[in-house]
Protein chains: 2
Amino acid sequence: MNNLISIKSATLSEDIAQQLTNAIVQGHIPQGSKISEPELAKQYGVSRGPLREAIVKLEGLGLVTRTANVGARVIQLNTQDMLDTFTMREALEGMAARLAASTMPADEINSLYSLLDKHQAHLDANQDEHYVQQGGNDDFHLRIIHASGNAKLIRLLTEELYAVIRMYRRHTADQRSDPRQALREHKAILDAIANHEGDLAELLMRRHISRASQLLKQAMEHSSVASRT
Amino acid sequence: MNNLISIKSATLSEDIAQQLTNAIVQGHIPQGSKISEPELAKQYGVSRGPLREAIVKLEGLGLVTRTANVGARVIQLNTQDMLDTFTMREALEGMAARLAASTMPADEINSLYSLLDKHQAHLDANQDEHYVQQGGNDDFHLRIIHASGNAKLIRLLTEELYAVIRMYRRHTADQRSDPRQALREHKAILDAIANHEGDLAELLMRRHISRASQLLKQAMEHSSVASRT
DNA sequence: TCAAGTTAGATTGTCGACAATTTATTGGTT
DNA sequence: AACCAATAAATTGTCGACAATCTAACTTGA
């Protein structure tokens, strides 16, 4: 069903890993479900070899858990794990904001201000409809992370943790969030960075993420999705 | 050469991953060297299947880098990567200390004070010889991390990042470090935790790690090891 | 002598099949 | 009817072999 959208990668294993990641994040493979190697191999038209390598990669990304001689299962989103993950985000993205405050070049900062203006215009035009900034270069948080200049931090946040974070964002749909409030917070963070106030930038980024996690928590507790607490 | 010390795991792949990790961290497989699948497979007496899975895992741990159709190479320690990694540690372990300050039970705190007394006694008895706290339950940092109670944070720091950190610790041997100063800093951090002063605990932990990274930086710049800057 | 193209060798990527383990089914006993 | 043991089916773990790709050696020409 999914081998139509085949992202050409150098190796089959990477390809499968990419497709499986998307399938899990977007919910095509349901949470908690078992990963059957023969079934998926047939579905994607590959042998079990590269498929297994892909599964090992997904385990590293925290998207599946594996048990020896039993197999892999897709993770179950639950409130506690979400809070734990977002606490890590607080620490890491807070640090990213701090670093950005001392290294981000002026033209990059201006470019980010333009991006926020664009978001503002979108809200004005679309009656506060939530702006879906899924992954791309329009994602404020990704831009800050990259501006940190710390290669290890960038890799960790954008390659290893991002899939899970996207999963939480998606499955709870951010329905309770207030986009205008989020935008105000983004602006405040950027102001701190522009003024080279690292302490403040870190503090604001932390509060911003903390607030988002509290909203997510409420959303999760009031929805059928992901309740295994 | 290494299949004598075979740590019995449920699966060959895990076994190999474990042994390869140790071999790399301890320098038996030199930095920057190529990982030859046929060679290692013969050496460990397994086929290439589980070996490849192990290599994929090592890539996730950041111990090797892989290139499609070319193969895997052991990472090269260099000053910039070390600084980037330790900046992440600052953020993460700082957060761990903060969390520990609000959740660590009294008996655990007392147990940690005893550990620091033990370290003190060791320094008194052995003329300030550096106390090798390699990984075990005697490692102050690991104890704090576990006391955070954040499962995601624990996994990230102790399973995914720890191998690389151990590599830096080992290859530079901490020769310039002052064990008594480090011990004083540990005590100050623990005091803050005991007093439930999260802000202070985080601040002190950050300074402590920052200081360690500066020492490591000097050590690396004055040694032949790991200079590719 | 050096450079580029070509060929030979070796290594990685992928596959299908077998062995080991787990899970499901069946049958028997209390 | 429910529980346990034994067997059958299915799944995971491992292996050896082939195909695709890269690396190194060799040849050829300027």
Side-chain angles (χ1 to χ4, degrees), chain A residues 2-21 23-24 29-76, chain B residues 2-21 23-24 29-76:
Chain A
N2 274 336
N3 54 359
L4 302 172
I5 335 146
S6 82
I7 308 103
K8 269 282 172 298
S9 263
T11 161
L12 267 183
S13 167
E14 290 175 32
D15 228 343
I16 303 293
Q18 193 66 48
Q19 295 198 44
L20 276 181
T21 300
I24 290 177
I29 304 179
Q31 294 177 35
S33 67
K34 189 168 181 329
I35 300 284
S36 165
E37 292 182 9
E39 187 184 325
L40 278 186
K42 191 189 289 181
Q43 207 165 85
Y44 287 103
V46 297
S47 101
R48 279 179 52 223
L51 180 67
R52 279 176 67 89
E53 281 191 18
I55 294 177
V56 172
K57 276 183 202 160
L58 291 210
E59 186 187 22
L61 294 180
L63 288 177
V64 305
T65 57
R66 261 163 38 108
T67 321
N69 293 315
V70 173
R73 299 197 89 87
V74 179
I75 56 162
Q76 276 273 16
Chain B
N2 274 335
N3 54 0
L4 303 172
I5 334 146
S6 82
I7 308 103
K8 270 281 173 296
S9 263
T11 162
L12 267 183
S13 168
E14 291 176 31
D15 227 343
I16 303 293
Q18 193 66 48
Q19 295 197 43
L20 277 182
T21 300
I24 290 176
I29 305 179
Q31 293 177 36
S33 68
K34 189 166 179 332
I35 301 282
S36 164
E37 293 182 8
E39 187 184 326
L40 279 186
K42 190 190 289 182
Q43 207 165 86
Y44 287 103
V46 297
S47 101
R48 279 178 53 222
L51 181 68
R52 278 177 68 89
E53 281 191 18
I55 294 177
V56 172
K57 276 183 202 158
L58 291 210
E59 186 186 22
L61 294 181
L63 287 177
V64 304
T65 57
R66 262 163 37 109
T67 321
N69 294 314
V70 174
R73 298 196 91 88
V74 178
I75 56 162
Q76 276 273 14

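Naming: A, B, ... by sequence-line order, numbering from 1 per chain. Values below: all heavy atoms of this structure, side chains included; hydrogens, waters and symmetry mates excluded.
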_Distance, rounded to the nearest Å, where A:L51 contributes CG and D:dT11 contributes C1'_ = 13 Å
*Mind checking A:I16 for me? I need base, sugar-phosphate or nothing, with any heavy atom below 4.0 Å counting as a touch.*
nothing
*Pick the nucleotide of DNA chain C nearest each of B:G71 and A:S47; which residue has the one closer to the 5' end?*
B:G71
*Calculate, to the nearest 0.5 Å, the distance between atoms OG and CD1 belonging to A:S36 and A:I29 respectively.*
11.0 Å
*Distance in Å, A:D15 CG paired with A:Q18 CD, rounded so as to fall on 0.5 Å steps*: 8.0 Å
Return a table of donor-acceptor pairs under 3.5 angstrom between the side chains of residues 46-54 of chain A and protein atoms on other chains or two or more places apart.
| residue | atom | partner | partner atom | Å |
| --- | --- | --- | --- | --- |
| A:S47 | OG | A:G49 | N | 3.1 |
| A:R48 | NE | A:E37 | OE1 | 3.0 |
| A:R48 | NH2 | A:E37 | OE1 | 3.1 |
| A:R52 | NE | B:E53 | OE2 | 2.7 |
| A:R52 | NH1 | A:E37 | OE2 | 3.1 |
| A:R52 | NH2 | B:E53 | OE2 | 3.0 |
| A:E53 | OE1 | A:S13 | OG | 3.4 |
| A:E53 | OE2 | B:R52 | NE | 2.7 |
| A:E53 | OE2 | B:R52 | NH2 | 3.0 |

*In whole angstrom, what separates B:I35's CD1 from D:dC22's P?*
20 Å
*asked:* In this structure, how many angstroms lie between the C1' atom of D:dA10 and the NZ atom of A:K42, rounded?
replied: 13 Å
*asked:* Of all nucleotides in DNA chain C that come within under 4.0 Å of a heavy atom of chain B, which is furthest toward the 5' end and which toward the 3' end?
replied: C:dT11 to C:dT14
*Atom pair CD1 (A:I35) and CD1 (A:I24), whose distance is rounded to the nearest 0.5 Å*: 5.0 Å
In residues 63-74 of chain B, what donor-acceptor pairs under 3.5 Å come from side-chain atoms, sequence neighbours left out?
| residue | atom | partner | partner atom | Å |
| --- | --- | --- | --- | --- |
| B:R66 | NE | B:E59 | OE1 | 3.4 |
| B:R73 | NE | B:G32 | O | 3.0 |
| B:R73 | NH2 | B:G32 | O | 3.3 |

_Distance check, rounded to the nearest 0.5 Å: B:L20 atom CG versus B:Y44 atom OH?_
4.5 Å
*Within residues 52-64 of chain B, residues whose heavy atoms come under 4.0 Å of DNA chain C*: B:R52
*Starting at CD of B:E14, measure out to NZ of B:K57 and round the result to the nearest 0.5 Å.*
5.0 Å
*To the nearest 0.5 Å, tell me how far B:L40 CG sits from B:I16 CD1.*
8.5 Å
